[in-house]
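Shown next, in structure tokens, is the structure this report addresses.
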Amino acid sequence: MMERSTIQRSLPALAISILIAGTLFLAFVEIGFGENKVDSEDAVANRYIANGTTETGSSNLVTSVVVNYRGFDTLGEVTVLFLAATGVGAMINLLPEDGKKRSKGPKPSLIMTQGGMLAIPVIALFGTYVFLHGHLSPGGGFQGGVIIATAFLLYLIAKPDAKTSHRTLSLSESLAGLSFIGIGLIGLAVSGIFLDNVIEGFGVLGELVSGGLLPLIYIAIGIKVGSEMSGLVEKMRGDAS
Amino acid sequence: MNGYEWIFYGGIMALMAVGIWAILSRRNLIKAIMGLVIIETAVNLLLVAVGYVNDRSAPIVNGDTGLGDSPVGEVVDPLPQALVLTAIVIGLATTALALVAAVGYFRSTGTLELKSFTYGRTDETEVKE
């Protein structure tokens, strides 16, 4: 009986999914894979590739798009992330308690605890490296922030009873968000354009100190995303402490 | 058309079909959310695949890449990659929200199956009626 209803539900679902995916495939197969769609004069990507480094001072053209050309988008993205984190916190607090006592799970072993403590500083350092070098190499504030949050998650796994300061996390997150908007207001004050990179020629292209305000914005994003994701993990841990 | 379309777009659409199938046929909330995540991955892959240009390198200049300041004709499209970066972050945020909603569903119904959807605790509603 159970078996039959599963099959009855699966077959139409299979048909619908193959229909949707097949239609999309027929549409997208017309776009040549690996074809040159970039070099024509009207392509916006051509403009980014041709002038990206000189206009923004960033070696990584993806960073120049994310933080400079579409910096306002990124501000919105950070806002979405903030809203989601706030929503998770609010929903977890509003959920009805089921009254059951949750089992604590097995205690982490010695290897987990000691190895975690050894790895956490290295992971956090690597995350910091990734968001500091966002304008030079693959990576950036979002990726670095998430790496830092994994260090925090590892800490919570290695020491499940650890006390964490929610206040400090939200403080660093709000300060980073404020400095992002503050950097945007610098552009507004100097040249009249919000988030304008007013010192884009500062430093030597390809070195750590370059790109004008871009590394500062990515540092702010890195700290904000790192503390936001850590806060998310901490909220999802629930009332363990 | 050089044959790669079938491999790349076909693979991406197969992934998308798996995701849609999971959402439509699985009644377990966690599995449905997994289907959503698979569709997200397929869309991200699709965007990056559309932006790829044959025999070109990543859009990073200077250093060891050996590209000049204005690498026109040497790098792939940076725009889809930037958009996918945004999409991944937003996808993560929505997934976290959906999972918390699943936790709420579990706490109020005691199950993750969507078979008998009733708001609130089922035992209480039965008592009221």
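Just so we're on the same page: letters track the sequence lines, and every chain starts at 1.
- Ranked by heavy-atom pairs under 4.5 Å with chain A, the first of Ala14(B), Ala96(B), Pro78(B), Ala49(B) is Pro78(B).
- Heavy-atom distances place both the backbone and the side chain of Leu14(A) under 4.5 Å from chain B.
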Quiz item: What's the verdict on side chain to side chain contact (heavy atoms under 4.5 Å, CB included) for Leu79(B) and Arg70(A), showing C-alpha distance, side-chain angles and the deciding distance?
Solution: CA-CA 10 Å; Leu79(B) 193 55; Arg70(A) 288 167 184 265; 3.4 Å; yes

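- In terms of heavy-atom pairs under 4.5 angstrom with chain A, the leader among Ile12(B), Leu46(B), Ile7(B) is Leu46(B).
- Screening Leu83(B), Leu85(B), Thr86(B) for a side chain to side chain contact (heavy atoms under 4.5 Å, CB included) involving Val66(A) leaves a single residue, Leu85(B).
- In terms of heavy-atom pairs under 4.5 angstrom with chain B, the leader among Val146(A), Leu81(A), Asn46(A) is Leu81(A).
- To the nearest 0.5 Å, the span separating CG on Leu97(B) from OG1 on Thr86(A) amounts to 9.5 Å.
- For a residue to count as touching a neighbouring chain, one of its non-hydrogen atoms must lie under 4.5 Å from one of that chain's; by this rule Leu136(A) touches chain B with the backbone only.
- For Ser64(A), no part lies near chain B; criterion is any non-hydrogen pair under 4.5 Å.
- Annotation: residues 217-230 of chain A contacts chain B through Tyr218(A), Met229(A) [non-hydrogen atoms, separation under 4.5 Å].
- With a 4.5 Å cut-off on non-hydrogen atoms, Phe25(A) touches chain B through its backbone and its side chain both.
- Heavy-atom minimum distance, Pro138(A) versus Ile60(B): CD-CD1, 3.4 Å.
- Heavy atoms of Gln143(A) lying under 4.5 Å from chain B belong exclusively to its side chain.
- The candidate from Val65(A), Asp39(A), Val38(A) with the greatest count of non-hydrogen atom pairs under 4.5 Å with chain B is Asp39(A).
- Distance check: Thr23(A) OG1 to Met13(B) CE gives 10.0 Å after rounding to the nearest 0.5 Å.
- Between Ser17(A) and Ala17(B), the closest heavy-atom pair is CB-O, 3.4 Å.
- Atom-to-atom distance recorded for Ile49(A):CD1 and Asp77(B):CG is 6.0 Å, nearest 0.5 angstrom.
- In this structure Leu26(A) satisfies the side chain to side chain contact (heavy atoms under 4.5 Å, CB included) test with no other residue, sequence neighbours excluded.
- Residue contact with chain B, scored on non-hydrogen atoms closer than 4.5 Å, involves the backbone and the side chain of Leu205(A) alike.
- Val29(A) and Tyr9(B) make their closest contact through CA-CD1, 4.0 Å (heavy atoms, listed as atom of the first residue, atom of the second, distance).
- Interface remark: Ala22(B) contributes no atoms to any contact with chain A (heavy atom separation under 4.5 Å).
- Between the CZ atom of Arg56(B) and the CG atom of Asn36(A) there is a distance of 4.5 Å, given to the nearest 0.5 Å.
- Taking the six-membered ring where tryptophan is involved, the planes of Phe33(A) and Phe8(B) are essentially parallel, since the angle between them stays under 30° and well short of 60°.
- Neither the backbone nor the side chain of Val18(B) has a heavy atom closer than 4.5 Å to any heavy atom of chain A.
- With a threshold of 4.5 angstrom between heavy atoms, Phe28(A) approaches chain B through its backbone and through its side chain.
- Considering CD1 of Ile23(B) and CD1 of Ile16(A), their distance stands at 12.0 Å, rounded to 0.5 Å.
- Side-chain atoms of Lys37(A) come within 3.5 Å of backbone N or O of Val50(B) as a donor-acceptor pair.
- Listed in order of number, the residues of residues 87-95 of chain B that approach chain A to under 4.5 Å between heavy atoms are Val89(B), Ile90(B), Leu92(B), Ala93(B).
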Just list the side-chain donor-acceptor pairs under 3.5 Å for residues 30-44 of chain B, sequence neighbours left out, or say none.
unit_1	atom_1	unit_2	atom_2	d
Thr41(B)	OG1	Val37(B)	O	2.8

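- With values rounded to the nearest 0.5 angstrom, Trp21(B) atom CH2 is found 10.0 Å from Leu11(A) atom CG.
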